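What follows is a set of notes on a single structure, which appears directly below.
Below, chains carry the letters A, B, ... as their sequence lines are ordered, and counting in each starts from 1. As the structure is a prediction and not an experimental result, all values here were calculated from the model.
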Amino acid sequence: SFVLRIEDTDFKRSTAESTDQILKAMEWLGFDWDEGPIYQSERLDIYRSYAQKLVDEKKAFWCECSPEKVEASRQKALKEKRNPRYDGTCRNKGLGPGSSRVLRFVSEDTGTTSFDDIIKGKITVNNNELDDLVLLRTDGMPTYNFTVAVDDATMGITHVIRGDDHVNNTPRQIQIYEALGFETPRFAHVPMIMGPDKTKLSKRHGATSAIAYKDMGYLPEALMNYLARLSWSHGDQEIFSLEELIKFFDIKDVGKSAAVFDMEKLLWLNHHYIMEGDPSKIGYLLGEAASQKGYDIQGGSYLKQVVCDVRKRTKTLEEMVEYSGFYFTYKEPDETLKKKFLTPDMEEIFDALITQIQDLDFSDLSGIEDVFRQVIEQFDIPFKKIAQPVRISLTGKKASPGIFEVVFTLGKERVIERLQKAIDYIKENT
RNA sequence: GUCCCCAUCGUCUAGUUGGGCCUAGGACACCGGCCUUUCACGCCGGCAACAGGGGUUCAAAUCCCCUUGGGGACGCCA
């Protein structure tokens, strides 16, 4: 059972937009949850009652130390090369609740806390490393380490799988589980994903939310496949469908070390899925992306044909939009290209092409190939001689899909129109 | 600084549990060639790693220790 829980106990960070982004990303990646979303901000009474229980059992205490004071002692400890932790000033003051007071957990002073991580193996820390963490803030809102322990226990969570950066939270949470009399779940800490500079992936490495990849023209199956293969593998297999991922994935096969995010490999996978995907479906996505860029998009079957023409050459939908623009809007070639390829001798050749194309039935590629063959025979020139001038005239670029495909997809009307424009240019410049 | 964790090609990784089959395999990227109407795709080939040092053993990428390097955490963030 898949329960989606939104951990939004920090008013400063949790906004409608931030949770919306999570929901959108889940949807895009194809995740579908059975329960929820459950918002922690709507369960405050539950956390407060458990907090009260801890107070009653003397496992938590109210603290009046100001944030400034706590921060100062932290800095001092750091300077003296000690582990910075709360000094326990208010632990035995027997304070009650108050407006600028926080509730702190009485952590163990001696002994060790350890757990058997499914990925990392046994992890042990000395309890004197752990300080009396804040359970309730001055505004009464509970903190993460507290809420997850309460929720995981009361919601019947058996396995906690999360990022490596949480390993040091785990002993604290275990102490909370124990203080509350809960059974502790199993933990699995998956390695981090790092940026090219080998530090934790963050905003400065570029895109961080899944939606950002959508916007850059990646397919969800590509992102999913890529991410799954970080710190995990199934022999030498690189390509996994969602079904295979579900079938083959085992948390026990996850490696222990962090992985560096490699955009090149993601790109390769994305290209793979663009090639494998149903052209109509990719065409639909291309249409969406192209409209966003201001192109006037016509029907689906045209988009499908465009996709078939260009997909070998583009690795993202964004690139595809950029590359296939000429299919939608005529783009004039650069002056230098026109000078080089639209030479006076092309005029009669283009004329001949137009004449032949006019009578051609655009049912398949071979008819178009025949037209070009006839024209090069008629003028006794190599195909090479006309390929580039035609390409320039039709696409405005020196690189494009094969000439025959371009002519076929563009259709009779556009081809003649564009060739005519080329002829006009030649006439004007002769 | 303190604590925790990690360590195979530039990158993702196989191999490590139960040492020999590893003159270390695959993939991305890169380089070269072929194909070719451009650009690609495709195909063929190449470069490239067990961090270092000690042990244990007939035998170590695989087990143990140390060193070094890297990461993470140290919040009234999650």
Gap between atoms [atom1] and [atom2], on [X] and [N] respectively (whole Å):
| X | N | atom1 | atom2 | value |
| --- | --- | --- | --- | --- |
| Leu365(A) | U37(B) | CG | C1' | 14 Å |
| Gln237(A) | A14(B) | CD | C1' | 13 Å |
| Lys256(A) | U62(B) | NZ | P | 14 Å |
| Leu130(A) | G75(B) | CG | P | 12 Å |
| Ile392(A) | U38(B) | CD1 | P | 13 Å |
| Asp309(A) | U38(B) | CG | P | 17 Å |
| Leu394(A) | U37(B) | CG | P | 18 Å |
| Gln388(A) | U37(B) | CD | C1' | 7 Å |

Tell me the partner of [N], counting only Watson-Crick (N1-N3 plus N6-O4 or O6-N4) or G-U wobble (N1-O2 and O6-N3) with both under 3.5 Å; none if nothing fits.
| N | answer |
| --- | --- |
| C43(B) | G33(B) |
| U2(B) | A73(B) |
| A27(B) | U11(B) |
| A60(B) | none |

### Query
At under 4.0 Å, does any side-chain N or O of Ser233(A) touch on OP1 or OP2 of A14(B)?
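Checking A14(B) against Ser233(A), a side-chain N or O does come within under 4.0 Å of OP1 or OP2.
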#### Entry: Thr9(A) side chain near A78(B) phosphate (N/O to OP1/OP2, under 4.0 Å)
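Yes, because at least one side-chain N or O of Thr9(A) sits under 4.0 Å from OP1 or OP2 of A78(B).
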Atom [atom1], compared across [N] and [M]: separation rounded to whole Å:
| N | M | atom1 | answer |
| --- | --- | --- | --- |
| U2(B) | A14(B) | P | 33 Å |
| G52(B) | A60(B) | P | 15 Å |
| C66(B) | C3(B) | P | 14 Å |
| G15(B) | A7(B) | P | 13 Å |
| G19(B) | C5(B) | P | 24 Å |
| U56(B) | G10(B) | P | 32 Å |
| U8(B) | C50(B) | C1' | 4 Å |
| C34(B) | C28(B) | C1' | 22 Å |

### Message
Counting distance alone, no hydrogens or angles: does the base of C76(B) have a donor or acceptor under 3.5 Å from a partner atom on the side chain of Thr138(A)?
### Response
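Result: at least one qualifying N/O pair found.
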### Pair of N/O donor and acceptor under 3.5 Å linking C39(B) base with Arg313(A) side chain
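Yes, a donor-acceptor pair under 3.5 Å.
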### Message
Measuring from the side chain of Lys81(A) (C-beta onward, heavy atoms only), which nucleotide among A78(B), G1(B), C12(B) has the closest atom?
### Response
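Selected nucleotide (nearest to the side chain): G1(B).
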### Residue Ala399(A), side-chain heavy atoms: nucleotide from C39(B), C5(B), U37(B) that is nearest
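Selected nucleotide: C39(B).
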With sequence neighbours left out, what residues match [X] under side-chain hydrogen bond (donor to acceptor under 3.5 Å, both in side chains)?
| X | answer |
| --- | --- |
| Asp8(A) | Ser41(A) |
| Thr158(A) | none |
| Lys385(A) | Asp345(A) |

Using ring pair (Phe, Tyr, Trp, His ring centres under 6.0 Å) as the criterion, list what pairs up with [X], not counting sequence neighbours.
| X | answer |
| --- | --- |
| Phe182(A) | Tyr50(A) |
| Tyr39(A) | none |
| Phe372(A) | Phe404(A) |
| Tyr86(A) | none |

#### Entry: Whichever of Val134(A) and Phe261(A) has its nearest RNA chain B nucleotide further upstream toward 5'
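Here Phe261(A) is the residue nearer the 5' end.
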### Message
Which is more 5' along RNA chain B, the nucleotide nearest Ser66(A) or the one nearest Ala259(A)? Just name the residue.
### Response
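By nearest-heavy-atom nucleotide position, the 5'-most residue is Ala259(A).
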### Message
Between Glu27(A) and Lys24(A), does any NZ, NE, NH1 or NH2 come within less than 4.0 Å of an OD or OE carboxylate oxygen?
### Response
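Salt bridge between Lys24(A) and Glu27(A), a charged N being under 4.0 Å from a carboxylate O: no.
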### Query
Would you call Arg373(A) and Glu377(A) a salt bridge, taking side-chain N to carboxylate O under 4.0 Å as the test?
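So Arg373(A) does not pair with Glu377(A) through a salt bridge.
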### Task
Indicate the atoms forming the closest heavy-atom contact of Asn128(A) with Asp109(A), along with that distance.
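Distance-wise, the nearest heavy atoms are CB-O, 3.6 Å.
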Could you list, one pair per line, each protein nitrogen or oxygen that sits under 3.5 Å from a nitrogen or oxygen of nucleotides 25-32 of chain B, together with the distance?
unit_1 : atom_1 : unit_2    : atom_2 : d
G25(B) : N2     : Asp236(A) : OD1    : 2.9
G26(B) : N2     : Glu238(A) : OE2    : 3.0
A27(B) : O4'    : Glu238(A) : OE2    : 3.4
C28(B) : OP1    : Trp268(A) : NE1    : 3.3
C28(B) : O2'    : Lys265(A) : N      : 3.3

### Message
What residues from residues 97-108 of chain A pass a heavy-atom cutoff of under 4.0 Å to RNA chain B?
### Response
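Correct list: Val102(A).
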### Query
Contact class for Thr124(A) vs. all strands (heavy atom < 4.0 Å): base, sugar-phosphate, or nothing?
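Sugar-phosphate, no base atom in range.
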### Task
Name the nucleic acid region contacted by Tyr323(A), choosing base, sugar-phosphate or nothing; use a 4.0 angstrom heavy-atom cut-off, strictly under.
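Here Tyr323(A) touches the bases of the nucleic acid.
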Filtered N/O pairs between nucleotides 68-74 of chain B and protein, under 3.5 Å:
unit_1 : atom_1 : unit_2    : atom_2 : d
G72(B) : OP1    : Lys200(A) : N      : 2.6
G72(B) : N2     : Asn168(A) : OD1    : 3.2
A73(B) : OP1    : Lys200(A) : NZ     : 2.7
A73(B) : O4'    : Asn168(A) : OD1    : 3.4
A73(B) : O4'    : Asn168(A) : ND2    : 3.3
A73(B) : O2'    : Asn168(A) : OD1    : 3.2
A73(B) : O2'    : Asn168(A) : ND2    : 3.4
C74(B) : O2'    : Pro84(A)  : O      : 3.2

### Query
Going by the angle between their ring planes, with limits at 30° and 60°, are Tyr213(A) and Phe261(A) parallel, tilted or perpendicular?
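Answer is tilted, since the angle falls between 30° and 60°.
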### Message
Test: salt bridge (charged side-chain N to carboxylate O under 4.0 Å, His left out). Region: residues 165-178 of chain A. Which pairs qualify, not counting sequence neighbours?
### Response
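Passing the test, one end in residues 165-178 of chain A: Asp131(A)-Arg172(A), Asp165(A)-Lys200(A).
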### Query
Do Thr147(A) and Arg5(A) have a side chain donor and acceptor closer than 3.5 Å?
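Side-chain D/A pair, Thr147(A) to Arg5(A): absent.
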### Message
Give me each pair satisfying side chain to side chain donor-acceptor pair (under 3.5 Å) with a member in residues 255-265 of chain A, each pair once, sequence neighbours excluded.
### Response
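Qualifying pairs, neighbours excluded: Glu238(A)-Lys265(A).
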